[in-house]
Undergrad: 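My structure is below; once you've seen it, I'll send some questions.
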Amino acid sequence: MSNKYAKTLITTPIRGNQTQTLYTAGLLQSAGLHGGWLPLAGQSDIYVARNVLTNEFFRRKEFDTLVCIDSDIGFTRADLQNLIDTTEPFVSGLYTDKCQPPMPFCRGNDGMQIPLEDIPPDGMLKSRFMPGGFLKIEREVLQTIVDKKLAAQYGAG
């Protein structure tokens with residue numbers, strides 16, 4: 001396993017106590033692309049669950065990369081590898097919303113939906129609105145937030 005992947009922790013907030021089939025299949029296909037998996041089941045408030053999981057990642061110094069994947073997001077091994085391999089330290093992967101029919105969730109700096117045909121060929125665009133269901137954050141981003149006193153690690157005295 002590459003050192004980069006060994007230093008990647010996948011965290012998963014699980015509403016209730018089960019994951020969806022496409023999520024489970026993606027996780028099973030992704031052996032070797034992460035050094036650990038940390039689920040949190042039963043917390044119905046997604047923001048609380050993500051904060052708890054992020055704080056646990058930050059406490060675990062053996063990991064450099066946090067990947068957050070919600071338990072209802074289907075993904076493939078290639079999707080996860082592309083997310084981890086991006087050079088950006090804070091990036092969200094595109095996934096569909098819960099509407100019928102499902103549509104990819106992608107919003108510009110104004111908060112408005114970006115049509116798929118307007119997404120650049122490399123798939124990268126800057127936005128202030130990033131979905132958190134399939135997200136990569138490097139430790140350096142969180143450390144900068146703490147160092148600049150924009151937030152404190154939960155439980156830190």
Undergrad: How many angstroms lie between OG1 in Thr65 and CD1 in Ile137, if you round to the nearest 0.5 Å?
TA: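 Rounded to the nearest 0.5 Å, the OG1-CD1 separation comes out at 10.5 Å.
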
Undergrad: Could you verify whether a donor N or O on one side chain and an acceptor N or O on the other, from Thr54 and Asn51, lie under 3.5 Å apart?
TA: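 No, no side-chain donor-acceptor pair sits under 3.5 Å.
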
Undergrad: OH of Tyr5 to CG of Leu80: how many Å apart, nearest 0.5 Å?
TA: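 So the OH of Tyr5 and the CG of Leu80 are separated by 8.5 Å.
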
Undergrad: Quick one about Thr86 and Lys136 (side-chain donor to acceptor, distance below 3.5 Å, no hydrogens or angles considered), yes or no?
TA: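 Yes.
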
Undergrad: Do we see a donor-acceptor contact under 3.5 Å between the side chains of Thr12 and Tyr23?
TA: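 Thr12 vs Tyr23: donor-acceptor pair found between side chains.
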
Undergrad: Checking side-chain contact (heavy atoms from CB on, under 4.5 Å) between Ser71 and each of Leu40, Thr19, Leu27, Thr24, which is the one that passes?
TA: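 Result: among Leu40, Thr19, Leu27, Thr24, Thr19 is the only option passing the side-chain contact (heavy atoms from CB on, under 4.5 Å) with Ser71.
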
Undergrad: CZ of Phe57 to CG of Leu142: how many Å apart, nearest 0.5 Å?
TA: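 Taking CZ in Phe57 and CG in Leu142, the distance rounds to 6.0 Å.
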
Undergrad: Which distance, rounded to the nearest 0.5 Å, do you find between the CD1 of Ile84 and the CG of Leu33?
TA: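 Reported value, rounded in 0.5 Å steps: 5.5 Å.
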
Undergrad: How many angstroms lie between atom SG of Cys68 and atom CD1 of Ile10, to the nearest 0.5 angstrom?
TA: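 Answer rounded to 0.5 Å: 10.0 Å.
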
Undergrad: Please determine whether a side-chain nitrogen of the Lys or Arg among Asp72 and Arg15 lies less than 4.0 Å from a carboxylate oxygen of the Asp or Glu.
TA: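 The answer is no: the pair does not qualify as a salt bridge.
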
Undergrad: What heavy-atom pair brings Gln29 and Phe75 nearest, and what distance separates the two atoms?
TA: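 Heavy atoms only, the tightest pair is OE1-O, 4.4 Å.
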
Undergrad: Do we get Arg139 above Phe63's six-membered ring, with its NZ or CZ under 6.0 Å from the centre and within 45° of the axis?
TA: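 Geometry flag: not set, cation outside 6.0 Å or 45°.
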
Undergrad: Answer yes or no: does atom CD of Gln18 have more than 12 heavy-atom neighbours from other residues, nucleotides or ligands under 6.0 Å?
TA: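 12 or below, so no.
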
Undergrad: Would the distance check show the side chain of Asp79 and the main-chain N or O of Thr76 forming a donor-acceptor pair, the cut-off being under 3.5 Å?
TA: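 Yes.
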
Undergrad: Does one hydrophobic cluster hold both Val141 and Leu150, with members joined at side-chain heavy-atom distances below 4.5 Å?
TA: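 Both belong to a single hydrophobic cluster.
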
Undergrad: Under a 4.5 Å cut-off applied to non-hydrogen side-chain atoms, are Thr8 and Asp64 in contact?
TA: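 Not in contact.
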
Undergrad: What closest approach, in Å, do Gln43 and Asp45 show between heavy atoms, and which atom pair accounts for it?
TA: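 Nearest heavy atoms, Gln43 then Asp45: OE1-N, 3.0 Å.
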
Undergrad: Less than 6.0 angstrom from the centroid, inside 45 degrees of the normal: does Lys61 satisfy that with respect to the ring of Phe58?
TA: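 Cation-pi check for Lys61 and Phe58: passes.
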
Undergrad: Please examine the side chains of Lys4 and Asp85, heavy atoms only from C-beta on, and report whether any two atoms are closer than 4.5 Å.
TA: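 In contact.
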
Undergrad: Quick check for you: to the nearest 0.5 Å, what is the distance between Ile69 atom CD1 and Phe134 atom CZ?
TA: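 That separation rounds to 5.0 Å.
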
Undergrad: What closest approach, in Å, do Ser92 and Leu83 show between heavy atoms, and which atom pair accounts for it?
TA: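 In this case the closest contact between Ser92 and Leu83 is C-CD1, 4.2 Å.
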
Undergrad: Let me know which of Ile14, Leu53, Asn17 forms a side-chain contact (heavy atoms from CB on, under 4.5 Å) with Pro39.
TA: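 Of the listed residues Ile14, Leu53, Asn17, the side-chain contact (heavy atoms from CB on, under 4.5 Å) partner of Pro39 is Ile14.
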
Undergrad: Membership question, hydrophobic clusters at under 4.5 Å side-chain separation (ILVMFWY): are Val146 and Leu9 in the same one?
TA: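 Yes, it is one cluster - the side chains of Leu9 and Val146 are joined through contacts under 4.5 Å.
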
Undergrad: So which heavy atom on Pro13 is nearest to which on Ile46, and how close?
TA: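 That closest heavy-atom pairing would be CG-CD1, 3.5 Å.
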
Undergrad: Picking from Leu135, Asn55, Asp70, what satisfies side-chain contact (heavy atoms from CB on, under 4.5 Å) with Arg50?
TA: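 Only one of Leu135, Asn55, Asp70 forms a side-chain contact (heavy atoms from CB on, under 4.5 Å) with Arg50, namely Asp70.
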
